[in-house]
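Notes follow the structure.
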Amino acid sequence: MNDTANLGAHHGAGDAVSDALDGSPTPRPLPDWRVLVVGGASGMGKTTVSRALALHYGVPVVEVDDIVEALLAVTRPEHLPEVHIWRTHPEAAYEAPDSVVRRQIAIARALAPAVEAVVANHVDTETPVIIEGDYVLPGLALAKGTEGTGGPEGTGGLVRAVVVHEDDEDQVAANYYAREPEAGPQDHRARVSVRYGRWLAAQARAAGVPVVAPRPWHDLPHRADRALTGPTPLRERPGDTISDAFRI
């Protein structure tokens, strides 16, 4: 059975998520990481995880989509053809799923230097941030030569990562429909997303980065946090429940 009822409030969860915070006026200490990378294909639940963790840790979120828009504004298609592909060839999004996945991988690789520059800046300036997006390569935590990997084994690392992956095409299609009902069924997009997500998940596992399934939705932020930092869960105020705080 699809979890569309829970997903319906996914993008309006900001107020609810704030209920999970401690409510203490005491400034939070810096987390022991500087960059938290939340990756995964479209429609998997990355935004929910990123917003919840950002509010919990009191840090901002950088969306890779914003990096894409910035690059589109200051480059020409001949400079970064992979990044411009959806604008120069919008019909490419409707190619066979494996072809679209290859294009998505090419975009992620083309964006890697820009994402790495943002990561390096936040590590160098010691300003914590969460970076979230479809086009983040899971091995970024290792590529920057930080101390440790994306999971509990690398808790000393300044850059950590987690990938959110849903392997059920019907569920991803239902997620899209709940989020964008005006677009109608998006079965092709869901099929592409799952296949691209499988590639990202495989890359993550090869790099020692944890992969988290989005369902059950009610404890997704907790599970992502545990995968990144070990067994200590996000704190809640007395009387709060995670299902109330992170209903999506």
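Heavy atoms only: backbone and side chains are in, while hydrogens, waters and symmetry mates are out.
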| query | Which pairs pass salt bridge (charged side-chain N to carboxylate O under 4.0 Å, His left out) with one or both residues in residues 106-115, sequence neighbours excluded? | reply | none
| note | Heavy atoms of Leu220 and Ala213 approach each other most closely as CD1-O, 3.9 Å
| note | So salt bridge (charged side-chain N to carboxylate O under 4.0 Å, His left out) across residues 86-97, not counting sequence neighbours, yields Glu69-Arg87, Glu95-Arg103
| side chain to side chain contact (heavy atoms under 4.5 Å, CB included) involving Arg34 - partner list, sequence neighbours excluded | Leu30, Val123, Glu126, Pro128, Leu158
| For Asp134 and Lys46, what are the C-alpha separation, side-chain angles and deciding distance, and is it a side chain to side chain contact (heavy atoms under 4.5 Å, CB included)? | CA-CA 9 Å; Asp134 304 358; Lys46 300 183 306 299; 2.8 Å; yes
| query | Are the side chains of Val35 and Arg160 in touch, meaning some heavy atoms are under 4.5 Å apart? | reply | no
| query | Taking only residues two or more places apart in sequence, or in another chain, which ones meet Tyr135 in a side-chain hydrogen bond (donor to acceptor under 3.5 Å, both in side chains)? | reply | Trp86
| note | Taken in chain and number order and not counting sequence neighbours, the residues that satisfy side-chain hydrogen bond (donor to acceptor under 3.5 Å, both in side chains) with Asp167 are His165, Arg198
| Residue pair His188 / Ala96: nearest heavy atoms and the distance that separates them | NE2-C, 4.4 Å
| field | Shortest non-hydrogen contact from Tyr196 toward Ala108 | value | OH-CB, 3.8 Å
| said: Quick check: do Ile131 and Val62 have side-chain heavy atoms less than 4.5 Å from each other? | reply: yes
| field | Separation of Ile67 CD1 from Leu72 CG (nearest 0.5 Å) | value | 12.0 Å
| request: Take Thr75 and Val83, measure what side chain to side chain contact (heavy atoms under 4.5 Å, CB included) needs, and give me the verdict at the end. | output: CA-CA 10 Å; Thr75 64; Val83 178; 6.0 Å; no
| Any side-chain heavy-atom pair of Arg179 and Asn175 under 4.5 Å | no
| field | side-chain hydrogen bond (donor to acceptor under 3.5 Å, both in side chains) involving Glu63 - partner list, sequence neighbours excluded | value | none
| Trace of the side chain to side chain contact (heavy atoms under 4.5 Å, CB included) decision for Leu53 with Val59 | CA-CA 8 Å; Leu53 294 179; Val59 302; over 6 Å; no
| query | So do Val159 and Val119 actually touch side chain to side chain, heavy atoms under 4.5 Å? | reply | yes
| remark: Across all chains, not counting sequence neighbours, the salt bridge (Lys or Arg N to Asp or Glu O under 4.0 Å) partners of Asp66 are none
| Are a donor atom and an acceptor atom from the side chains of Asp225 and Tyr57 found within less than 3.5 Å of each other? | yes
| Point-to-point distance, once rounded to the nearest 0.5 Å, from OG1 of Thr88 to CD of Glu78 | 10.5 Å
| request: Mind listing the closest non-hydrogen atom pair of Ala190 and Ala173 along with its distance? | output: CB-N, 3.5 Å
| request: Give a yes or no on whether Val194 and Tyr177 share a hydrophobic cluster (residues Ile, Leu, Val, Met, Phe, Trp, Tyr; joining criterion: side-chain heavy atoms under 4.5 Å apart). | output: no
| field | CD1 on Ile130 to NE2 on His122, rounded to 0.5 Å | value | 11.5 Å
| request: For Gln186, enumerate each residue passing the side chain to side chain contact (heavy atoms under 4.5 Å, CB included) test, keeping only those at least two apart in sequence or located in another chain. | output: Tyr176, Glu180, Ala183, Arg189
| Got a sec, which residues hit salt bridge (Lys or Arg N to Asp or Glu O under 4.0 Å) with Arg223, two or more places apart in sequence or on another chain? | Asp219
| note | Across all chains, not counting sequence neighbours, the salt bridge (Lys or Arg N to Asp or Glu O under 4.0 Å) partners of Arg205 are none
| said: Please check: side-chain N/O of Ser193 versus main-chain N/O of Ser42, any donor-acceptor pairing under 3.5 Å? | reply: yes
| said: Run Val163 and Gln203 through side chain to side chain contact (heavy atoms under 4.5 Å, CB included) and show every step you take. | reply: CA-CA 10 Å; Val163 168; Gln203 295 292 306; over 6 Å; no
| remark: Nearest heavy-atom approach of Gly43 to Val172 is O-CG1, 4.4 Å
| task | Hey, could you give me the CD1/NE2 distance between Ile107 and His84, rounded to the nearest 0.5 Å? | result | 11.0 Å
| task | Kindly write out the residues that satisfy salt bridge (Lys or Arg N to Asp or Glu O under 4.0 Å) with Glu166, not counting sequence neighbours, or none if the list is empty. | result | Arg215
| Heavy-atom pair with the smallest gap, counting every atom of Ala161 and Val209 | O-CG1, 3.3 Å
| request: Could you check Val61, Asp65, Val164 and say which one makes a side chain to side chain contact (heavy atoms under 4.5 Å, CB included) with Glu132? | output: Val61
| field | From Leu228 atom CG to Leu36 atom CG, the distance as rounded to the nearest 0.5 Å | value | 5.0 Å
| request: Tell me, please, which residues at least two apart from Ala112 pass side chain to side chain contact (heavy atoms under 4.5 Å, CB included). | output: Glu116, Leu137
